[in-house]
Amino acid sequence: MNPDSFLLILSGAATTLDIAARSIVCSLVIAVVVGTATALGGSLVRFLLTVYVELFRGTSLVVQLFWMYFVLPQFGIVLSEHTVAVTAISLNYGAYGAVIVRGAIVAIDKSQWEAASSLGLRRLPTLRYVVFPQASVFLIKPLGVLFVQLVKATSLVSLITIPDLTYRAYQLNQLSMQIVPIFGTVLIIYYLMTKLVAGSSSLLDGYLGTWRRPGAVKP
């Protein structure tokens, strides 16, 4: 593979990293807000958010991408390719993350809420200082696995003509037919990206686990 082709592959990798990073941040925010609301919200809020979660978990991410890219313009809503990619991936993986967050919150014993209430803490401070620090033990690893899946799912954005890593590889293959070096390089880059996310998740989990040990001093 010549240097120009390699640079084109790297430009596609940069696009993939950009979409993955934005989607991870957005899906994390969605997961925390929706997961918390479905665990503690009123019946109407829980019903509406459960509809969202089930809809996005029960349909294909490819179909969701196509809906936002091809169908929404029929109703006068036109979004850029990058906005469609980040929005669709964030809503899809945010729905999965919301289930993880909800499960972690309801796993905290009710006595923790009662103890916080007896100390005069209201709901939001209780969430921030009592529930979330304990729930994070159950969150980091599952969310890390989810975000590894998210990085791999970004290859689907090539279907809506975004020049990401997969799109660039397909484009170069059509021009040069150097299948082995092109897709070999792409394979290694995707592997490194997923290892980066998985490694960051493990480091964070280890860090939180260290200062939670009995007798540990909080940094």
Side-chain angles (χ1 to χ4, degrees), residues 1 4-34 49 51-100 143-198 200:
M1 187 165 49
D4 289 340
S5 298
F6 186 68
L7 287 176
L8 201 60
I9 289 282
L10 288 184
S11 74
T15 302
T16 293
L17 273 177
D18 178 60
I19 291 173
R22 291 169 188 262
S23 300
I24 286 174
V25 172
C26 292
S27 60
L28 181 60
V29 172
I30 292 171
V32 171
V33 172
V34 175
L49 293 178
V51 170
Y52 150 68
V53 169
E54 292 301 318
L55 177 64
F56 276 86
R57 291 175 71 210
T59 55
S60 164
L61 176 56
V62 175
V63 176
Q64 292 160 19
L65 277 169
F66 285 172
W67 247 87
M68 292 185 191
Y69 191 66
F70 295 114
V71 180
L72 288 185
Q74 303 298 317
F75 299 96
I77 303 172
V78 180
L79 304 172
S80 70
E81 291 90 346
H82 280 72
T83 302
V84 166
V86 173
T87 303
I89 294 173
S90 300
L91 287 172
N92 185 281
Y93 281 86
Y96 285 98
V99 177
I100 296 172
L143 287 178
V145 173
L146 186 69
F147 292 146
V148 166
Q149 298 298 321
L150 183 153
V151 171
K152 291 187 281 189
T154 57
S155 62
L156 297 176
V157 304
S158 61
L159 298 174
I160 55 172
T161 69
I162 291 179
D164 72 326
L165 184 55
T166 303
Y167 184 92
R168 290 301 189 195
Y170 178 78
Q171 193 178 39
L172 282 172
N173 183 54
Q174 293 294 309
L175 294 173
S176 65
M177 297 302 289
Q178 295 180 316
I179 296 175
V180 175
I182 291 172
F183 285 103
T185 304
V186 169
L187 198 70
I188 292 170
I189 292 175
Y190 271 119
Y191 177 77
L192 293 176
M193 287 181 183
T194 56
K195 293 302 287 183
L196 175 65
V197 175
S200 302

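Keep in mind it's a predicted model, so treat the numbers as computed, not measured. Computed from heavy atoms alone, side chains included, the values below leave out hydrogens, waters and symmetry copies.
- Note that CZ of F66 is 8.5 Å distant from OG of S60, once rounded to the nearest 0.5 Å.
- The environment of F6 atom CZ is sparse: at most 12 non-hydrogen atoms of other residues, nucleotides or ligands sit within 6.0 angstrom.
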Evaluate the side-chain contact (heavy atoms from CB on, under 4.5 Å) criterion for residues I100 and Y96: first the C-alpha distance (whole Å), next the side-chain angles of each, then the deciding distance (0.1 Å), finally the verdict. CA-CA 7 Å; I100 296 172; Y96 285 98; 5.8 Å; no

Set out, in order, the CA-CA distance, both residues' side-chain angles and the distance that settles side-chain contact (heavy atoms from CB on, under 4.5 Å) for M193 and L17, then state yes or no. CA-CA 8 Å; M193 287 181 183; L17 273 177; 3.7 Å; yes

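- Using a distance-only test at 3.5 Å, with no hydrogens or angles considered, no donor-acceptor pair links the side chain of S23 to the main chain of A20.
- Pairing each heavy atom of Y52 with each of A95, the nearest pair is OH-N, 3.4 Å.
- For the pair V84 and L65, the tightest heavy-atom approach, listed with the atom from each and the gap, is CG1-O, 3.8 Å.
- Between L192 atom CG and L187 atom CG the span is 10.0 Å, to the nearest 0.5 Å.
- Residue R22 comes nearest to S90 through the heavy atom pair O-OG, 4.4 Å, listed as atom of the first residue, atom of the second, then distance.
- Looking at heavy atoms from C-beta onward, Q171 lies in side-chain contact with L8 at the 4.5 angstrom threshold.
- Judged by distance alone, the side chain of E81 and the main-chain N or O of I160 form no donor-acceptor pair under 3.5 Å.
- What you find for Y167 and T161 is that their closest heavy atoms are CE1-CA, 4.1 Å.
- Atoms CG and OG1, from L150 and T194 in turn, are 12.0 Å apart once rounded to the nearest 0.5 Å.
- T16 places a side-chain N or O within donor-acceptor distance of the main-chain N or O of L165, the cut-off being under 3.5 Å.
- Checked by atom type, the side-chain pair T166/Y190 shows a donor-acceptor distance below 3.5 Å.
- Minimum heavy-atom separation, S176 to I182: OG-CD1, 3.5 Å.
- Residues I189 and A13 share a closest heavy-atom pair of CG2-CB, 4.0 Å.
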